Amino acid sequence: MTLASDLAQSLACPRTKLPLKEVTLGPAEVAALKKIPRTGFQTGDYGTGDGSAFLTAGDGRYYPIAGNFPVVLYPELLVPTGSADSVDLYDPRYHEAYEEMAHYNAIGQSGAAKLDAATLDRLMGRLAETQPAPETFPDLETVWVDSRHDAISQLEAYRYLAPLNGKNYLQLGGSGSHAVKALLAGAGRATLLTPMIGEARQGHALAAHYGVADRFDAVVAIGEELPFVDNTFDAIYSGGCIHHMRTEYAFAELQRVLAPGGRFSSVDPWKTALHGIGTKAFGKRECGVFCRPINPDRLRPIAIFGDHLVRRHGPYLRYPFIVLEKFGVKLPLRAMLALGRFDDGLGRLTGTLNVMGSSIMFAGQKAR
């Protein structure tokens with residue numbers, strides 16, 4: 001097993017940030033290792049991956065590679081049997097990802113097992129049938145945009161990153177559709193980062209289906225400890241995932257791995273009164289997950305980017321759209337975009353957009 005050279009050169013230990021290199025171990029060497037002991041609670045375990053290929057910083061500790069996916073999560077570290085190292089899964093860097101691992105891995109593994117051509121095409125929406133030219137990104141809206149109830153925020157986030165021509169792109173969280181989309185929009189290389197190996201498998205299948213697997217990578221890791229060397233990426237996008245992270249760690253890591261002048265953008269839910277009312281009346285869209293909308297305290301660490309911006313959208317209609325989708329009612333994307341613009345206009349007219357807007361786009365650029 002050999003990782004793509006571009007990926008191999010960019011990987012780093014999530015704790016020490018020292019570069020990692022791929023090595024092959026014999027059975028006796030593997031037998032002399034153990035999974036780093038955990039405290040707090042027990043969940044998730046990727047074992048020793050495929051059993052022979054590992055990543056190391058040369059310090060006698062190893063991260064496994066499973067199915068060509070580097071598993072660069074510190075709680076998955078393999079250490080010498082006599083090591084006193086341990087990790088607490090209640091550590092805020094790991095707690096949420098590991099609490100949600102069983103839920104999202106089950107979804108990802110189930111999805112990866114059912115990835116026929118029709119399913120893959122549904123993941124990409126109209127891109128599957130249109131095959132637009134890269135220079136249309138993102139302004140051929142009903143083709144590139146796919147997040148219905150956050151459509152206006154997503155379009156704004158895409159515009160912040162465009163053009164993608166030749167860029168090294170990172171999708172932070174999710175099952176890979178945005179990374180594949182970036183490659184179709186002209187990115188030179190794209191990486192999916194997710195703590196769920198099922199999502200990594202989905203992303204790889206999607207990249208293969210669209211003929212871009214040679215420029216696509218997937219890494220199993222978390223946003224709070226990005227396993228990349230400094231200054232790796234030109235563009236980073238996260239769709240609905242940063243609100244699952246501890247932002248005091250994630251924003252600092254985003255700033256670190258961006259190249260000088262590089263940009264990131266994200267679309268997430270914002271905490272409003274309608275969120276509390278809606279979840280009490282109709283329940284959460286996904287039960288058993290954290291899903292805590294962004295609030296002022298959680299957004300504050302974005303100040304690490306001297307050049308950053310924040311936009312809110314969807315003051316009145318976003319949560320009604322979500323309720324409708326919960327009951328199986330989905331409006332065409334073109335209609336969602338038009339209604340989203342109307343909703344924002346009404347919010348500006350009444351002065352409530354920045355009070356009630358429950359869809360947030362936030363972005364930042366690293367200094368050159």
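All residue numbers in this chain count up from 1 along the given sequence. Only a predicted model underlies this, so the values are computations on that prediction, with no experimental measurement involved. All values below come from the heavy atoms of this structure, side chains included, with hydrogens, waters and symmetry mates left out.
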Undergrad: Which distance, rounded to the nearest 0.5 Å, do you find between the OG1 of T194 and the CD of Q202?
TA: 9.5 Å
Undergrad: Using the benzene-type ring in the case of Trp, are the ring centres of Y237 and F264 under 6.0 Å apart?
TA: no
Undergrad: With no hydrogens and no angle check, is any side-chain donor or acceptor of K366 less than 3.5 Å from a backbone partner on Q255?
TA: yes
Undergrad: Nearest heavy-atom pair of P70 and L11: which atoms, and what distance?
TA: CG-CD1, 4.0 Å
Undergrad: Do D230 and V257 have side chains that get closer than 4.5 Å, going by heavy atoms?
TA: no
Undergrad: Does the R298 side chain pair with the main chain of H243, one donor and one acceptor, at a distance under 3.5 Å?
TA: yes
Undergrad: Applying the 4.5 Å side-chain criterion to the ILVMFWY set and letting contacts propagate, would V87 and Y249 be lumped into a single cluster?
TA: no
Undergrad: Given Y316, which partner from the list D343, D344, T352 fulfils the side-chain hydrogen bond (donor to acceptor under 3.5 Å, both in side chains) test?
TA: T352
Undergrad: Do the side chains of E156 and R312 get close enough for a salt bridge, i.e. N-O under 4.0 angstrom?
TA: no
Undergrad: Got a donor-acceptor contact below 3.5 angstrom from the H308 side chain to the F305 backbone?
TA: yes
Undergrad: State, to 0.1 Å, how close A221 and V72 come at their nearest heavy-atom pair, and which atoms those are.
TA: CB-O, 3.7 Å
Undergrad: Heavy atoms, side chains only, cut-off 4.5 Å: are V219 and F69 in contact?
TA: no
Undergrad: Could you go through F321 and L339, starting from their C-alpha distance and side-chain angles, then the distance that decides it, and tell me whether this counts as side-chain contact (heavy atoms from CB on, under 4.5 Å)?
TA: CA-CA 10 Å; F321 285 154; L339 288 169; 3.8 Å; yes
Undergrad: Using every non-hydrogen atom in the two residues, find where P227 and L193 come nearest and quote the distance to one decimal.
TA: CD-CD1, 3.5 Å
Undergrad: If the threshold is 4.0 Å, N to carboxylate O, is there a salt bridge linking E225 and K17?
TA: no
Undergrad: Quick check against the 3.5 Å criterion: does R189 have a side-chain atom that pairs as donor or acceptor with the backbone of D214?
TA: yes
Undergrad: Please report the interatomic distance CZ(R38) to OH(Y74), rounded to the nearest 0.5 Å.
TA: 12.0 Å
Undergrad: What is the minimum heavy-atom distance between R93 and R15, and which atoms define it?
TA: NH2-NH2, 3.4 Å
Undergrad: Let me confirm one number: the CG-OH distance from D88 to Y90, rounded to the nearest 0.5 Å.
TA: 8.5 Å
Undergrad: Are the charged groups of R246 and E96 less than 4.0 angstrom apart, N to O?
TA: no
Undergrad: I'd like to check L3 versus I65 (side-chain heavy atoms, cut-off strictly below 4.5 Å). Are they in contact?
TA: yes
Undergrad: Is V79 reachable from L33 through a run of hydrophobic residues whose side-chain heavy atoms are each under 4.5 Å from the next?
TA: no
Undergrad: Ignoring hydrogens and geometry, is there a side-chain-to-backbone donor-acceptor pair from R159 to P138 under 3.5 Å?
TA: no
Undergrad: Which heavy atom of T272 sits nearest to which heavy atom of V355, and what is that distance?
TA: CG2-O, 4.3 Å
Undergrad: Given side chains that start at C-beta, do those of P320 and V323 come closer than 4.5 Å, heavy atoms only?
TA: no
Undergrad: Is there a path of hydrophobic side-chain contacts, each under 4.5 Å between heavy atoms of I, L, V, M, F, W or Y residues, that connects I36 with I197?
TA: yes
Undergrad: Within the structure provided, determine whether I222 and M245 are in side-chain contact (heavy-atom separation under 4.5 Å).
TA: no
Undergrad: Go through L309 and M361 one step at a time and tell me if the side-chain contact (heavy atoms from CB on, under 4.5 Å) criterion holds.
TA: CA-CA 8 Å; L309 60 87; M361 188 286 278; 3.3 Å; yes
Undergrad: Could you check whether H244 and E100, counting side-chain N and O atoms only, form a donor-acceptor pair closer than 3.5 Å?
TA: yes
Undergrad: Kindly compute the distance separating CD1 (I302) from OG1 (T247), expressed to the nearest 0.5 Å.
TA: 9.5 Å
Undergrad: Taking it one step at a time, do F233 and F228 satisfy ring-ring contact (aromatic ring centres under 6.0 Å, His included)?
TA: CA-CA 9 Å; F233 297 100; F228 305 108; 4.9 Å; yes
Undergrad: Using a 6.0 Å distance limit plus a 45 degree cone around the ring axis, check whether R311 lies over the aromatic ring of F362.
TA: no
Undergrad: Report whether M196 and Y98 are members of the same hydrophobic cluster (ILVMFWY, side-chain heavy atoms less than 4.5 Å apart, transitive linking).
TA: yes
Undergrad: Could you report the tightest heavy-atom contact between C241 and L172, atom names first, then the distance?
TA: CB-O, 3.7 Å
Undergrad: Rounded to the nearest 0.5 Å, how far apart are CD1 of I360 and CG of D150?
TA: 11.0 Å
Undergrad: With a cut-off of 6.0 Å (strictly less than), are more than 12 heavy atoms of other residues, nucleotides or ligands near CZ of F342?
TA: no
Undergrad: Say whether, by atom type as modelled, one donor and one acceptor occur between the side chain of Q365 and the main chain of D307 under 3.5 angstrom.
TA: no
Undergrad: Would the F41 and H95 ring centres measure less than 6.0 Å apart?
TA: yes
Undergrad: Give a yes or no on whether the backbone of A162 and the side-chain of R263 come within a donor-acceptor separation of less than 3.5 Å.
TA: no
Undergrad: Any non-hydrogen side-chain atom of L258 less than 4.5 Å from a side-chain atom of N231?
TA: no
Undergrad: Given S175 and E199, is the side-chain hydrogen bond (donor to acceptor under 3.5 Å, both in side chains) satisfied, shown in steps?
TA: CA-CA 4 Å; S175 56; E199 291 185 336; 5.7 Å; no
Undergrad: As a quick check of understanding, evaluate side-chain contact (heavy atoms from CB on, under 4.5 Å) for V145 and T142, giving each step before the final call.
TA: CA-CA 6 Å; V145 172; T142 57; over 6 Å; no
Undergrad: Answer with yes or no whether the side chains of S52 and T24 bring together a donor and an acceptor at under 3.5 Å.
TA: no
Undergrad: When rounded to the nearest 0.5 angstrom, what is the spacing between OH in Y62 and CG in L78?
TA: 10.0 Å
Undergrad: Do the side chains of K181 and D146 get close enough for a salt bridge, i.e. N-O under 4.0 angstrom?
TA: yes
Undergrad: Charged N to carboxylate O below 4.0 Å: is that the case for R61 and D85?
TA: yes
Undergrad: Taking E325's backbone N and O only, do any of them form a donor-acceptor pair with R148's side chain (distance below 3.5 Å, no angle check)?
TA: no
Undergrad: For Y94, which residues count as a ring-ring contact (aromatic ring centres under 6.0 Å, His included) partner, sequence neighbours excluded?
TA: none
Undergrad: Could you tell me whether a side-chain N or O of E224 sits under 3.5 Å from a main-chain N or O of A250, the two making a donor and an acceptor?
TA: no
Undergrad: Given 3.5 Å as the limit, does a donor-acceptor pair link the side chain of Q171 with the main chain of H178, or not?
TA: yes
Undergrad: Just by distance, no angles: are the side chains of W144 and T136 close enough, under 3.5 Å, to form a donor-acceptor pair?
TA: yes
Undergrad: What do you reckon, are the aromatic ring centroids of F137 and Y158 less than 6.0 Å apart?
TA: yes
Undergrad: According to a 4.5 Å side-chain heavy-atom criterion applied to Ile, Leu, Val, Met, Phe, Trp and Tyr, with indirect links allowed, do Y210 and L140 form part of one hydrophobic cluster?
TA: yes
